[in-house]
Structure formats: C-alpha cells, structure tokens
2 protein chains.
Amino acid sequence: MSKKPTISDVAHEAGVSKGLVSFVVNGRPGVSAATRERVLAAAAELGWRPNPNARSLTTRSAYALGLVVLRDPEIIGSDPFFPAFISGVESVLSDRGRVMLLSVVPDEERELDTYRKLAAESRVDGVFVTDLRHRDPRIALLAELALPAVTLGHADVPSDFPVIDRDYGKGIAAVVSRLRELGHTRIAHVAGDERMLHGTHRRDQFTEAVRASGGTPIVVSGDFSPDSGAQATHALLGMAEKPTAIVFANDPMAMAGMAVAQELGLRLPDDLSITGMDGSEMSRYLFPPLATVGNDPAEWGRAAALSLLALIETGASDDVTLPDAEFIPRGSIAPPPQAAQPSSERPTAQPSSR
Amino acid sequence: MSKKPTISDVAHEAGVSKGLVSFVVNGRPGVSAATRERVLAAAAELGWRPNPNARSLTTRSAYALGLVVLRDPEIIGSDPFFPAFISGVESVLSDRGRVMLLSVVPDEERELDTYRKLAAESRVDGVFVTDLRHRDPRIALLAELALPAVTLGHADVPSDFPVIDRDYGKGIAAVVSRLRELGHTRIAHVAGDERMLHGTHRRDQFTEAVRASGGTPIVVSGDFSPDSGAQATHALLGMAEKPTAIVFANDPMAMAGMAVAQELGLRLPDDLSITGMDGSEMSRYLFPPLATVGNDPAEWGRAAALSLLALIETGASDDVTLPDAEFIPRGSIAPPPQAAQPSSERPTAQPSSR
DNA sequence: CCTCACGACTAAACCGGTACAGAAGCCGGA
DNA sequence: TCCGGCTTCTGTACCGGTTTAGTCGTGAGG
C-alpha cells in the first residue's frame with residue numbers, strides 16, 4: 001500500500017487549493033457545483049478521508065465520545081447493561097463520524113484521573129456519566145473541566161448537564177402491586193449497591209410501593225453482584241418469618257437468589273416468588289422464567305448519544321425521558337404458599353400441576 | 001477555567017525552547033539534569049499534558065488501540081466475554097498513555113468498513129481481532145491496510161499477526177473424561193456458532209474426546225445465544241435416545257439448557273448432567289452450580305494488549321500461549337440415571353484428577 | 001594558543017488539516 | 001468604459017506538537 005493520501009494530494013488531483021477541498025468536505029457555501037463534484041471525485045478516487053487528528057488541532061474537537069466505567073473487573077462480566085448500552089450508542093455514532101472511547105477503571109481515584117486525562121489531552125468532546133452515585137464527584141469535576149456530559153438519571157447535586165432518565169418507579173410499583181394481588185404480604189427487596197443512586201431509588205420505590213399498599217417492606221442490602229444476591233437470599237430465607245416474595249434490584253442477583261432458593265429445596269414459584277430488574281436477555285431463559293422490569297439499555301445508549309451530540313454541536317440539549325419501565329410478568333411469580341398465610345386471605349386457586 | 005496550556009507555555013515558563021520541552025517529555029538524551037527538572041516543574045505547575053492529536057501528526061501514532069465487535073445488539077448483553085476482556089486490556093493500557101476505542105457493529109459489511117475507517121483516519125495504532133471466523137476476511141483486510149493486529153486464536157488463513165491462544169481442548173477432554181467416568185455413554189454437545197473458529201474447535205475437540213473414549217458423539221448446533229441453547233436442548237431431550245449429559249459450548253447456552261431441562265421436569269444433575277464453557281461469573285451461582293471450563297477473559301485482554309503494544313512499538317511480537325483451560329467441576333454433573341456403577345458414586349461432582 | 005569535538009540548547013520546518021484575508025473573474029448598472 | 005459587488009478560489013498563517021540542522025560555549029588535545 002502506498003502512503004495515505006492527504007488533503008494536498010486531493011487538491012492537486014482536483015486542480016484546486018487545499019482550502020477549497022476543506023470547504024467542500026465541510027459543506028461550506030461558496031463552491032461551485034462543478035468544482036465540488038471534481039473535488040469529491042478526486043477524494044473518492046484517492047480514497048482520502050480527512051485525518052481527525054489534524055482536524056482536531058484547529059477545530060478543537062476530538063470527534064470522539066468517552067465512556068468511563070467504574071466496575072470491579074471481577075464482576076463486570078455479569079453485568080448485562082454496558083454491552084447493550086454501548087451498542088445503542090454506537091448505532092448513533094457510526095453515521096456521525098465520531099468514535100467511542102472506552103475506559104474501564106477499578107477504583108474511584110483512577111476514574112477521576114481518567115476524566116482529567118481525557119479532558120487535558122482533548123481526547124473526547126464529551127462523556128457519558130453512568131451509574132450515578134450519591135453526591136457524585138464527577139459532576140463537579142466535569143463542570144470544572146468544562147467537559148460536556150450527559151447523565152443517566154438525575155444527579156443529587158447541582159448539575160447543568162442534560163439528563164436521560166426513565167421512570168422505573170411505576171414498573172416497581174407494578175411488581176409490588178401484582179405480588180399483593182396474588183396475596184403476598186411479606187415481600188422483601190434485595191437492594192443494589194446503595195452508593196449508587198439507582199440502588200437507593202429502586203429501594204425507595206419498592207418500600208414506598210409496599211407501604212402504599214398497606215404492607216411492611218423488608219429490605220436487605222446487596223451490591224448488584226450475583227454473590228451479594230445469593231447471600232441476601234440466604235439471609236432472607238433464614239429469617240423466622242420468611243418472605244414469600246423477593247424483589248431483586250437486578251437480574252443477576254435474582255438469578256443467584258433463585259438458585260439459592262432451589263438449593264434450599266423450595267419450589268419456584270410455588271414456595272417463593274422472585275422478580276428481577278433490568279429485563280436482561282437471560283431472564284426469559286431461566287426456570288422458571290424470571291419476571292422482571294424492562295429497561296432496554298440500547299435505548300438508553302441511543303438517547304444518551306443523541307443528547308450528547310446535540311449538546312456538543314449546539315451547546316444545549318434537552319433532557320430526555322424514556323418510556324416508563326414496564327413490568328414483564330413471567331413464571332417466577334405465583335400466589336404465596338397457603339401454609340405461610342395463617343390469616344384471612346382470598347383462597348386463591350393454586351395451579352395443581354406445572 | 002483558563003485555556004489549556006500548550007508546550008509553548010511550558011517552554012516559556014521554564015525559559016527554554018519548545019523543542020527542549022519535547023525532548024524532556026520524550027526522555028531524549030542531551031538535556032542537562034537541571035534543565036530537565038525545571039521543565040518538568042513547569043509542566044507540572046501548569047498542569048500540561050502533551051496533546052496526542054498534535055503529537056499524532058508528526059509521529060504517525062494514534063496512541064489508541066481499537067476493538068471492533070461484531071455482535072447482534074440483541075444478544076450482546078448476555079455475552080460475559082467482552083466486558084471482562086476489555087477490563088483486562090484496560091489494565092495494561094492505563095499506565096501506557098494509550099486509550100481504547102470500541103466499536104460495536106451489527107453486520108460484517110459495517111465491520112470491515114469500520115476497520116477501513118479506523119485505518120484511513122489513523123484513529124488507532126492497532127486492533128484486537130476477536131471471534132475469529134472461518135476464512136476470516138479481516139486478516140487479509142488488516143494486512144492490506146497495514147494495520148497491526150493480534151488475533152485471539154489461530155486464524156485458518158495465512159496471517160503474520162501475533163496470536164494469543166489457549167488450549168481449550170484439554171479442558172473439554174477433561175469434561176468428557178469425567179462424564180465417561182461417571183458412567184455417561186450418551187453425551188451430547190450443543191455447538192456454538194460454527195461460523196466462528198472457536199465454535200467448530202470446541203465441537204471438534206468434543207467429538208474427538210468422545211471418540212477417543214470409545215463413545216459416539218451427538219452434536220446439535222447452536223449459536224452461543226441462550227435462545228439457541230434452549231432450542232437445542234429441546235431438540236436433544238425430544239430424541240428417542242435422550243443424551244444423559246449435555247456439554248454446551250458456552251455458559252449462557254448451558255444456563256438456558258438447564259432451564260429447559262428443569263421445565264421438562266428433569267432433576268439436575270440426577271436426570272441429566274450439564275456443563276458449560278468459559279467459566280462465567282454467573283455459572284457458580286446457578287442451581288445446581290454449573291460445571292464449566294475456565295477461560296478468564298481478563299487474562300486474554302492483558303496478554304492481547306501486551307502483545308499488541310509490543311508489536312506496535314518494536315515491530316514484532318511473539319505468540320502467547322495462555323495456561324490451558326481447566327475443567328471446573330461443579331454440581332451440575334452426576335452419574336447418569338439408573339447407572340449401574342460398580343464403584344462408589346456420589347450425586348455431586350468430585351474433584352477431577354488432573 | 002588554536003582547533004576541534006561535544007554537550008546543551010535554539011530556530012525553523014513540518015505533520016494535515018482549518019480559517020481568513022484577499023485576489024481573480026464575472027456581471028450589471030451608470 | 002469604468003466601477004462596485006458577487007461569487008469563487010488562492011495563499012498563508014495558524015493549531016500543538018516533533019524533528020532536524022545548526023548555534024554557542026567549553027574543555028581537551030596538539
């Protein structure tokens with residue numbers, strides 16, 4: 001292969017100056033149609049693409065977006081959110097001549113340093129802020145760095161960044177409501193990492209829904225990892241007054257919880273109802289199929305990418321509210337076992353066979 | 001925030017020329033220790049970091065590595081390999097001043113275009129080639145583009161790229177051997193996507209291991225997705241001569257297979273033994289815990305990153321062979337039903353003899 | 001004492017684009 | 001015919017680094 005062609009090669013080939021070629025590829029006015037064609041033809045023939053590095057130098061734009069993920073390398077594999085989120089982002093970026101830069105960091109210190117580095121080196125034009133934490137230090141840092149950003153969810157600190165969000169509360173309320181309808185009175189929640197906003201939000205939405213229906217919520221903590229889901233389930237099922245239904249804050253914890261219950265000899269869903277959250281692909285292939293609350297990470301990705309691009313290109317971008325999360329009922333929920341209900345409850349017809 | 005400092009600012013601050021600052025930050029000889037200190041101090045004080053874009057212009061290096069993933073957006077969430085692989089890559093890159101550029105593409109055409117674009121725009125210094133396919137067109141394309149690369153596994157076409165690989169056959173052989181020991185005679189394999197080399201390799205390694213032990217392999221096809229695992233399991237369990245053990249080509253398919261079996265009323269592992277592959281985090285949290293063959297994607301990532309960096313920096317890099325994949329016995333395997341086992345057997349898996 | 005090699009440093013060209021001032025060509029109106 | 005005023009296009013100065021040729025002392029060798 002010969003050397004990569006440059007804008008000068010194209011200019012020479014088309015018999016015009018560098019500047020004009022630049023005008024053409026950037027769609028600037030003041031170029032005759034005939035010349036435009038000639039330049040475009042020359043560029044196509046030479047297979048020339050403008051070098052973004054050179055371009056960045058004068059335009060002060062990196063033509064790249066960044067995603068920094070703070071996640072324990074050990075458990076990142078069980079998280080179904082990011083790959084799908086990224087593919088959603090990518091579906092928007094691919095047509096826009098921008099690329100995505102990804103960083104996975106193990107601790108908060110390196111996370112912040114990574115943002116500083118991306119900004120100082122002008123590596124990206126903007127970043128996605130996922131997994132918002134309480135009093136998230138990234139908000140202030142990004143503002144200080146003057147790095148455009150969009151946040152997934154509303155931060156609990158002052159932020160001027162556009163927000164992509166989805167009401168998850170209704171979905172959780174629907175879960176609780178359905179469990180109550182089925183006759184459950186002792187409904188537990190295994191919370192996600194409570195340093196993260198969506199960990200506490202989901203917990204609060206759960207407790208609120210249970211209280212609203214006149215029940216008393218039971219909550220144990222987890223951290224979104226399968227391991228924590230298993231431990232929490234052990235704890236719950238070891239209680240004197242076992243819950244008859246467990247609402248997990250994500251699918252991986254629910255999956256691990258299902259396994260623990262089964263290992264203890266419980267039949268699902270007859271002896272215990274279980275639900276997850278996030279609507280992972282795997283959830284429908286479990287036994288019993290895991291009832292969950294949809295989330296569609298790819299949709300988050302698309303919306304976040306569009307919003308961030310708008311912010312970068314126009315300097316402003318509106319908040320986006322995705323459609324409400326929907327409860328996806330599946331076979332992992334059923335009426336509570338009769339024995340567990342000493343007091344008056346509608347005698348629900350229990351399915352005799354499975 | 002004030003404007004970002006440039007090399008000229010640092011030079012002025014330290015009272016030297018731009019060129020000297022460049023010498024200092026690149027560790028070139030011919031700079032007195034005193035001056036070096038002064039320059040470094042000025043750089044630190046101003047918080048200056050060399051702009052990689054400007055740098056790229058003359059050094060022809062992008063200071064970035066690329067990963068292009070061809071994956072159906074719908075199922076990428078259930079794939080535990082990439083997030084962990086990426087975190088392995090990142091653990092190497094973070095200290096090296098290079099970043100990682102990620103692209104997720106839905107079809108082969110766009111995949112190849114993405115490589116072309118990355119090369120034409122000098123976005124990356126090299127790429128990781130994962131999920132090798134038969135007669136993979138990327139090998140020739142990358143050679144043509146003169147883009148350095150490392151492949152995960154050996155390509156079946158001539159390739160000059162360094163290879164990162166791990167013997168997976170021994171692990172698979174250990175699985176089969178253990179199942180035979182337990183008394184299984186009808187052992188089936190649910191293959192992964194056979195367009196991918198590791199799909200057919202695993203299948204071949206399975207059939208070979210079964211034949212070597214005097215058995216007759218049963219193979220049905222899948223594509224690594226949970227859905228295909230479920231379908232294949234249905235097909236197998238609908239056969240007149242059902243298999244008593246199923247070896248799945250990855251964990252997600254195995255998980256879906258477990259669910260199908262349980263839904264059909266089979267008790268695991270007593271009625272059916274199941275194994276997965278890739279040693280995903282989730283596998284240990286299932287019921288019964290899924291026996292699998294370890295893989296450690298993060299280790300692939302680290303090795304691939306080191307190899308690719310060496311290739312880029314020195315122009316050559318050796319192949320790397322990772323430690324053999326190891327069978328991880330767990331509760332999902334047991335003797336076949338009604339097995340006339342002359343010797344002592346227990347329903348749970350025993351440590352394999354390796 | 002002069003020359004020369006060498007270490008430390010500077011100046012300017014260059015990488016591949018963009019931006020902007022201004023030149024050239026063309027047109028219509030006075 | 002001359003003069004604006006467009007439109008179209010050129011030339012050149014950047015952007016922030018790297019690289020190379022060359023300058024300037026300084027000390028050793030002849």
Side-chain angles (χ1 to χ4, degrees), chain A residues 2-40 42-43 46-64 97-98 117 119-123 125 313, chain B residues 2-40 42-43 46-64 97-98 117 119-123 125 313:
Chain A
S2 53
K3 282 271 165 278
K4 291 190 187 87
T6 73
I7 196 172
S8 298
D9 299 328
V10 175
H12 185 256
E13 175 77 16
V16 297
S17 70
K18 283 183 6 172
L20 238 211
V21 176
S22 176
F23 274 36
V24 170
V25 298
N26 291 306
R28 299 275 211 87
V31 183
S32 73
T35 310
R36 175 180 308 276
E37 282 313 307
R38 203 147 37 86
V39 169
L40 257 19
L46 268 47
W48 173 76
R49 306 189 64 122
N51 180 331
N53 290 315
R55 212 173 196 183
S56 298
L57 228 33
T58 48
T59 62
R60 269 122 212 315
S61 180
Y63 304 101
R98 279 192 159 85
K117 193 178 77 177
E121 297 183 348
S122 301
R123 289 272 199 181
D125 301 321
E313 286 163 11
Chain B
S2 54
K3 282 273 164 275
K4 291 189 185 91
T6 74
I7 196 172
S8 297
D9 298 328
V10 175
H12 184 257
E13 176 76 18
V16 298
S17 68
K18 282 181 10 172
L20 239 209
V21 175
S22 175
F23 276 33
V24 169
V25 298
N26 291 307
R28 298 274 213 90
V31 182
S32 73
T35 308
R36 176 181 306 278
E37 281 313 307
R38 205 148 35 85
V39 169
L40 257 19
L46 267 45
W48 173 76
R49 305 188 64 120
N51 179 331
N53 289 317
R55 212 173 195 183
S56 299
L57 228 35
T58 47
T59 61
R60 268 118 214 312
S61 181
Y63 303 102
R98 278 193 160 86
K117 192 178 77 177
E121 296 183 348
S122 301
R123 289 273 199 181
D125 300 320
E313 286 163 11

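Keep in mind that what you see is a predicted model, and the values were worked out from it rather than measured. Chain A is the first sequence line, chain B the second, and so forth, proteins listed ahead of strands; every chain is numbered from 1.
- Separating the CZ atom in A/R49 from the CD1 atom in A/I7 is a distance of 14.0 Å, to the nearest 0.5 Å.
- Note that CZ of A/R55 and CG of A/N53 are 11.5 Å apart. Values are rounded to the nearest 0.5 Å.
- Pairing each heavy atom of B/P52 with each of A/R123, the nearest pair is CG-NE, 3.6 Å.
- Among the protein residues, A/S56 comes within range of no part of the nucleic acid, since none of its heavy atoms lies under 4.0 Å from any strand.
- Counting only heavy atoms from C-beta outward, the side chains of A/V16 and A/F23 never approach each other to under 4.5 Å.
- Between A/R36 atom CZ and D/dT7 atom P there is a gap of 14 Å when expressed in whole angstrom units.
- Between the CZ atom of B/R38 and the C1' atom of C/dT10 there is a distance of 14 Å, rounded to whole Å.
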Distances under 3.5 Å between nitrogen or oxygen atoms of protein and nucleotides 18-23 of chain C:
from: C/dT18; atom 1: OP1; to: A/N26; atom 2: ND2; distance (Å): 3.1
from: C/dT18; atom 1: OP1; to: A/R55; atom 2: NE; distance (Å): 2.8
from: C/dT18; atom 1: OP2; to: A/S22; atom 2: OG; distance (Å): 2.5
from: C/dT18; atom 1: O5'; to: A/S22; atom 2: OG; distance (Å): 3.4
from: C/dT18; atom 1: O4'; to: A/T58; atom 2: OG1; distance (Å): 2.7
from: C/dA19; atom 1: OP2; to: A/R28; atom 2: NH2; distance (Å): 2.6

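- Comparing the axis of the opening five pairs of the helix from C/dC1-D/dG30 to C/dA30-D/dT1 with that of the closing five pairs yields an angle of 70°, rounded to 10°.
- Heavy atoms of A/T6 sit under 4.0 angstrom from primed sugar atoms or phosphate atoms, though from no base atom.
- One distance of note links OH of A/Y63 with CG of A/N51; it measures 11.0 Å at 0.5 Å rounding.
- Atom CG in B/L57 sits about 13 Å away from atom C1' in D/dT19, given to the nearest Å.
- Without hydrogens or angle criteria, A/S61 side chain to A/S56 main chain gives no donor-acceptor distance under 3.5 Å.
- Distance check: B/R36 CZ to B/L20 CG gives 9.5 Å after rounding to the nearest 0.5 Å.
- Backbone-only engagement by A/T35 is indicated by non-hydrogen atom pairs under 4.0 Å involving sugar-phosphate atoms exclusively.
- With rounding to whole Å, B/N51 atom CG is found 16 Å from C/dG16 atom P.
- Considering every non-hydrogen atom in both B/S32 and B/T35, the closest pair reads OG-OG1, 2.7 Å.
- Between A/R98 and A/D125, the closest side-chain pair of non-hydrogen atoms falls below 4.5 Å.
- Contact annotation: A/R60 side-chain N/O to D/dG16 OP1/OP2 distance is under 4.0 Å.
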